[in-house]
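Read through the structure below, which is laid out as C-alpha cells, and then see the notes.
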Amino acid sequence: MTLPHLRWPLLLVFVLISGSVGCARFQPRPLEPTQTAQAYTARSLDDSNLRRLLQDSLAGEATRSQHTPWDLFALTAAAFYYHPDMDVARAKWRVAEAAVVTAGARPNPGLNLSEEFNADVSRGKRAWSPGINFSIPIETGGKRGHRIAQTQQLAEAARLHLIDVAWQVRSRVRSRLLNIYPTEPLLARQQALEAERVGLMERRVQVGFSATADLTQARIALQQTTLANDEAYKRLAENRVQLATAVGVPVQALDGVALSFDVFERLPQISELPSRDVQRDALLHRPDVRAALAEYAASQSALQIEVSKQYPDITLGPGFFLDAGQAKWSLAVSLILPMLNHNQGPIAEAEARRRLSASNFLIIQTRAIAEVDQALAGYTSVLEKLRTADALVAAQRHQEQSAAHTLRAGETDRLALLGTQVELATAELARVETLLQAQQALGTLEDAVRRPLNNDAPPVIAIEHNPRDKDTP
C-alpha cells in the first residue's frame, strides 16, 4: 500500500487548484485626476439618469417636463445624485455590510502533507511513509454569533448615518436656495422711486420750492439703496456658487436654469407644531440618535465577544499515515490554556468603550432636545416679527393708496406720492427680509427634528443606490 513519494506534489497541486475555484479576481480601477475633473465640469441638470430619478420619485404624483422650474425637491434629488458626501456615506454603508459577510465566515480547515523516510539498516530496507493531517478549528462561546450581531448593528448605524448625511445635504441645498431668494426686484424698484424723487427735488431746489437739506437726505438715501442693490447682486453671484456646490455641480450648470421659490412662501404656524410631538420625533426618529443607539448595541456585542474569548477555541487534528506499509490513524486536539490570563484586559477595554458609547448617545440625545427647544423659541419669535412686518406693509399700502387718491383729486403733488411709495417699498423689503429670517428659523427647526415641517410631504427620493454607479442594479 506504499504510495510513491512523487504523488504528493501532484496531490498538493490538486488541492491548491480545487481551493482556488470560485475565488474573486482583482480588477484594477485607477483614478485619473484629469478625467475626474473633466467629469465634474461636465455635470449638468439635464443628465438623463437624473431626470429618470426625478420621474421615478414623482411617479403617481406629478409630471415633470424639461421646462419645469427647479424647486427644492428637484435640487435635493440632484444633490443626492451628484454630491460626494452621499457617495462617501453610501460607500461606508457598503463597507459595513461587507463586514457582516466577513464576520459570518467560518474558519477554513488546514491541510498538512508529510512524508518520512525510514531506513532499516539491519535489514537493508528503506521506505517512504506518507502522511496527511487536517486541522479543523472550532469556535466556542458563541463568538461567531456575537461577531455577526456586532457587524449587523454597525451596518445599521452606517445606514442611519447615510440617512443623516442625506438630510444634511438637503439642508444645505435649502439654505443656499434661500440665500438667492429674489430680493433684487424690490431693491431695483426702491432705487427707481428714490431716483425719481431726487430728480423732482433737484428741480424744486432750482426754483426755490424745496430746501437743500431735504435734497441732501434724499440723495443719501438713494446712495444707500444703490449700494445695497450692488451688494445684493454681488451676494447673488457668490450664493449661486454656493448653491451649485451644495448640489454637487459646477456653477455653469445653473446657467439658464429656472428656479422655483414657492416652498418659501408658506410658514407653518406654531399650532401646527406641537412641542411634545416635535421633541418626541427628535428623540426617537432622528437618524443620528438612532445611529448612536445602534453603535451602543454594537459595543455591547463587542463586550460579549471579549467575554466569550475566555473560552478557548479548539482545533481538531485528525491524521493518517503509512508506517512501513501499516496504515495508522491519529487524532490531536489543541487549545490555548487560559492559565496566565483570562482576557481581563480586552474585557476591560470593551467595557470602557461601552461606557463611552453610552455617554456619546446621551450627548446626542441631549443635544437633540436642546436644538428643538432653541429652534422652537427662535421660530416663535420670528413669526411674531413677521406679523408685525405684515401689519406695517398693510399700513404703508393704505397710505400709498390714500396719497394716490389725493393726487387724483388735485390736493397734493407727485413728490408726496413718491414719498409714500418709497416708504411702501422700504416696508416691503423689510417684510421680505423678515420672511427670509423666518424661513431660516424654520430650517433650523427642521434640522432639529430631521424632517420637513410643512403639510405637503415631499415625495420620497431613493438614496440607497447611486444611478451614476454602473455597478448599481
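Keep in mind the model is a prediction, meaning the values are calculated, not measured. Side chains included, hydrogens not; waters and symmetry mates left out as well; all remaining heavy atoms used.
Side chains of Asn229 and Gln191: a donor-acceptor N/O pair is present below 3.5 angstrom, by distance only. In the model, Ser301 has a side-chain atom that pairs as donor or acceptor with a side-chain atom of Gln153 under 3.5 Å. Side-chain contact, Arg189 with Gln421: no donor N or O sits under 3.5 Å from an acceptor N or O.
A salt bridge links Glu446 with Arg174; the closest basic N to acidic carboxylate O contact falls under 4.0 Å. Electrostatic pairing of Arg450 and Asp288 counts as a salt bridge here, judged by a charged N lying under 4.0 Å from a carboxylate O. Between Glu156 and Arg159, at least one side-chain nitrogen of the basic residue sits less than 4.0 Å from a carboxylate oxygen of the acidic one, meeting the salt-bridge criterion. The pair Arg147-Glu139 counts as a salt bridge, with a side-chain nitrogen and a carboxylate oxygen less than 4.0 angstrom apart. Electrostatic pairing of Glu194 and Arg219 does not count as a salt bridge here, judged by no charged N lying under 4.0 Å from a carboxylate O. Between Asp85 and Arg172 there is a salt bridge, since a side-chain N of the basic residue sits under 4.0 Å from a carboxylate O of the acidic one. Under the 4.0 Å criterion applied to side-chain N and carboxylate O atoms, Lys385 and Glu433 are not assigned as salt-bridge partners. For Glu97 and Arg94, the salt-bridge test passes: some basic side-chain N is under 4.0 Å from an acidic carboxylate O. Looking at Arg431 and Glu428, no side-chain N of the basic residue comes within less than 4.0 Å of a carboxylate O on the acidic one, giving no salt bridge.
Residues that satisfy the salt bridge (Lys or Arg N to Asp or Glu O under 4.0 Å) test with Arg176, not counting sequence neighbours, are absent from this structure. Take Asp214 and apply the salt bridge (Lys or Arg N to Asp or Glu O under 4.0 Å) test, not counting sequence neighbours, and it matches no residue. Taking the side-chain hydrogen bond (donor to acceptor under 3.5 Å, both in side chains) definition, one finds that Lys143 meets it with Thr140, Asp313, sequence neighbours left out. Partners of Arg90 under the salt bridge (Lys or Arg N to Asp or Glu O under 4.0 Å) rule, at least two apart in sequence or in another chain, are Asp87. Not counting sequence neighbours, Arg144 has no partner by the salt bridge (Lys or Arg N to Asp or Glu O under 4.0 Å) test.
Counting non-hydrogen atoms of other residues, nucleotides and ligands closer than 6.0 Å to CD of Gln374 gives a total of 12 or fewer.
We find the CG-CD distance between Asn179 and Gln440 to be 6.5 Å, quoted to the nearest 0.5 Å.
Looking only at side-chain heavy atoms (C-beta outward), Pro182 and Phe261 come within less than 4.5 Å of each other.
Within the structure, no pair that satisfies the ring pair (Phe, Tyr, Trp, His ring centres under 6.0 Å) test touches residues 341-392, not counting sequence neighbours.
Between the Ser357 side chain and the Tyr296 main chain, a donor and an acceptor come within less than 3.5 Å of each other.
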